[in-house]
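Data first, discussion second: the structure below is written as structure tokens.
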Amino acid sequence: MNKNILTLLRGFSLRKVIGFTLLTVVVITIACLVIGITNGFSETQMKNIMGFASIISTMGSMLIYTTFVSQAVSNDDKAVVTAWIVIVANIVSLIGSFLVFGDSDYGMQNYGQDFAKLNMALKTYPYTMITSLISIAGMLYSAKDVRQKFKVVWWIAILAFAVAGCGALSLSMSIFNYNTYETCAIITLVISLVFMIMLFYIGKQEAEEQQWSDAVATTASNKEQSSKLDVTNKGQELMKLKELLDANIITQEEFDTEKRKILNS
């Protein structure tokens, strides 16, 4: 990412990026489920569908966070570095999704649903932990240069990554600690929703501020053009008046009187 792309991302509407991403994930998920239900699918196919939705969601998260970072960080150099760190973190998350995508039912048929969920979590938690650590490091790197209106939501994002990382860490310490991992995943989801809502609201505020700024600029431009036109008209009237004076059609006194009227109008 260079500064040209940074400028492009700063021109994006945060609320439109969030809305488009969420809508895309929901539509793709529903479409996959409808296709699966219509044609009939096994437990493995069901997980593949959800895995595909997870991959799309991660790609959407990458777009949201790079746009968020580019607009929140005032220092251009730090914004570029942080955006790259966020992209790398999401690529790690994508790798984790692809590794389990197309996998079997994780032992559900032989050992039950709880074992299957634990087995799937054990496959993905290292990538969750690495993603969280990279994201936190990148966001802490630019924390001092975050614009005032983004500071709260910036730390909320860091909190979401920290909770997700703690869940992965708890699972790495004991394979019997899946409940903690699952609880952390739910908390992360709730914090992420709060993050999205706040970011959407900030995006709405910025859009309204931009509309106001554009309206003020347009009004000022119209006034300037009107002023220039007024000066031009007065100049033309004075030139005509001078021609009448030079042709001795009016006297100097009449010229001076009319000149004052034009200049004071």
**Study point:** Shortest non-hydrogen contact between A160 and S192, atoms and distance
**Key:** CB-OG, 4.1 Å
Point to revise | T128 OG1 to L133 CG distance, which is reported to the nearest 0.5 Å | key: 11.0 Å
Review point. With side chains defined as the heavy atoms from C-beta onward, is the minimum distance between I85 and M139 less than 4.5 Å?
Key: no
Exercise for review: Find out if a path of hydrophobic residues (ILVMFWY) with successive side-chain heavy-atom gaps under 4.5 Å connects M196 to V190.
Suggested key: no
Check your understanding: Rounded to the nearest 0.5 Å, how far does CD1 of I186 lie from OG1 of T188?
Key -> 9.5 Å
Review point. From M129 CE over to L169 CG, what is the distance, rounded to the nearest 0.5 angstrom?
Key: 5.0 Å
Review point. To the nearest 0.5 Å, what is the distance between CG (D256) and OG1 (T251)?
Key: 8.5 Å
Exercise for review: Could you please spell out the steps behind the side chain to side chain contact (heavy atoms under 4.5 Å, CB included) verdict for L140 and W155?
Suggested key: CA-CA 9 Å; L140 288 176; W155 285 102; 3.7 Å; yes
Review point. Are Y201 and L159 co-members of a hydrophobic cluster defined by side-chain heavy atoms under 4.5 Å apart?
Key: no
Review point. So if you build clusters from Ile, Leu, Val, Met, Phe, Trp, Tyr with side-chain heavy-atom gaps below 4.5 Å, do W84 and I130 land together?
Key: yes
Which side-chain N or O atoms in residues 88-96 pair as donor and acceptor under 3.5 Å with protein atoms at least two apart or in another chain?
residue, atom, partner, partner atom, Å
N90, ND2, V86, O, 2.8

Practice item. Identify the heavy atoms of K144 and K151 that sit nearest to each other, and give their distance. Key: O-NZ, 4.4 Å
Exercise for review: Could you tell me whether the side chain of S142 and the main chain of T82 form a donor-acceptor pair under 3.5 Å?
Suggested key: no
Practice item. Just do the side chain to side chain contact (heavy atoms under 4.5 Å, CB included) check on V153 and F68 with the steps written out, would you? Key: CA-CA 10 Å; V153 73; F68 167 52; 3.7 Å; yes
Practice item. May I ask you to check whether F161 and F195 place their ring centers less than 6.0 Å from one another? Key: no
Check your understanding: Between the main-chain N or O of L63 and the side-chain N or O of T66, is there a donor-acceptor pair closer than 3.5 Å?
Key -> yes
Practice item. Report whether L193 and Y65 are members of the same hydrophobic cluster (ILVMFWY, side-chain heavy atoms less than 4.5 Å apart, transitive linking). Key: no
Check your understanding: Taking a hydrophobic cluster as the set of Ile, Leu, Val, Met, Phe, Trp and Tyr residues connected by side-chain heavy atoms closer than 4.5 Å, whether directly or through intermediates, do I191 and V194 fall within one such cluster?
Key -> yes
Practice item. Would you confirm whether W154, through its side chain, and V146, through its main-chain N or O, come within 3.5 Å as a donor-acceptor pair? Key: no
Check your understanding: Which heavy atom in F150 sits nearest to a heavy atom in Q71, and how many Å separate them?
Key -> CE1-O, 3.7 Å
